[in-house]
Amino acid sequence: MLVTGSISEIRNTVKLWKREKLKVGFVPTMGALHDGHLSLIRQVREHTDRVVVSIFVNPAQFGPNEDFERYPRQIEKDLKMCRKQRTAAVFIPDTSIMYPEKQFLSIQIDKLADHMCGPERPGFFEGVVLVVNKLFNIIKPDIAFFGQKDIQQFQILSSMVKEFNHEIELQMGEIVRANDGLALSSRNAYLSNEERLRAPSLYRSLQYIEKQVKSGIDEPSLLIEHQKNELEAKDFKIDYIGFFSFESLKPVQKLKSGHRYILAGAVYVGDTRLIDNLLLDYP
Ligand code: PAF
């Protein structure tokens, strides 16, 4: 397994593979790998001949009061996990390699970041688009995999691929959950034992709402309010819970037959922000 922080080295390696007509898959990560990442790596491996993983805690996607400094870093453990998954190359650039000088251009996102996680995390999706755009230009994979847990990120990156004409196929990997339903996330490491026990309640609320909606409720606002109250009673702080259009990511009050929706939520348990979602094809 090649481990490099050099742009030219990873570029040349991928170029050689492509010359040999090998298909290259890519999983961008910020490290602190868990089973969710490993499942993405496995899926990429099924679709391609060579898998590249990047590990880069991207400062551009953290707000000034967010957790950039304390974001979990465990590079040796991550490399071991990548090796076990038969990853062909791991790209681990330094910040000085990814952002070597003052940048004169910036990313602006129109509409797709107006709802869901956008308002609470200003600049976050712009930072994600910036770094993934750079990584795509460096690695030039044929396919890249991202997790459904960050579904707004996936939809915004899909627009980026389309609008910036990247010749890359994006695939979304299903959410991997712990036995009690909690969606796996590197940030789960922040939870205290007591918070960890409470954390799956968000998923349970989403499941409950989904079940009620499937049994015929098409205007779920009261149902959602009730679930928010239940979560608040368990000491969760709610950012949002609701249905959003799968395409525009706009909030939806009335569900229409034959449409696809994202039922998504973001809550704080203590200081830790948890997000989760379910996809619903309304019958
Ligand atoms: O989902 C993540 O881990 C990050 O947002 C990504 C896509 C690796 C960009 O830094």
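Order of listing sets the numbers, starting from 1, for every ligand and every atom in it.
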Can you pull out every side chain to side chain donor-acceptor pair (under 3.5 Å) where at least one residue sits in residues 140-159? Sequence neighbours excluded, please.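 Non-adjacent pairs meeting side chain to side chain donor-acceptor pair (under 3.5 Å): Gln148-Asn277.
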Please report whether the ring centroid of Tyr282 lies less than 6.0 Å from that of His259.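 For His259 and Tyr282, the ring centres are not under 6.0 Å apart.
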Which of the numbered atoms in ligand 1 are under 4.0 angstrom from any heavy atom belonging to Gln153?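 That gives atoms 1 (O), 2 (C), 4 (C), 5 (O), 7 (C) of ligand 1.
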At less than 4.0 angstrom from any non-hydrogen atom of Val131, what atoms of ligand 1 do you find?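 That gives atoms 9 (C), 10 (O) of ligand 1.
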Which bit of Thr29 gets closer than 4.0 Å to ligand 1, counting heavy atoms only: side chain, backbone, both or neither?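 Under 4.0 Å from ligand 1, Thr29 contributes backbone atoms alone.
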May I ask you to decide if Glu9's main-chain N or O and Thr13's side chain share a donor-acceptor pair within less than 3.5 Å?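 It does hold such a pair.
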Return the closest protein heavy atom for atom 4 (C) of ligand 1 as residue, atom name and distance.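 It is Gln61 NE2, 3.7 Å.
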For the side chain of Ser201 and the backbone of Arg198, is there at least one donor-acceptor N/O pair under 3.5 Å apart?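 Indeed, once roles are kept as given, a pair shorter than 3.5 Å links the two residues.
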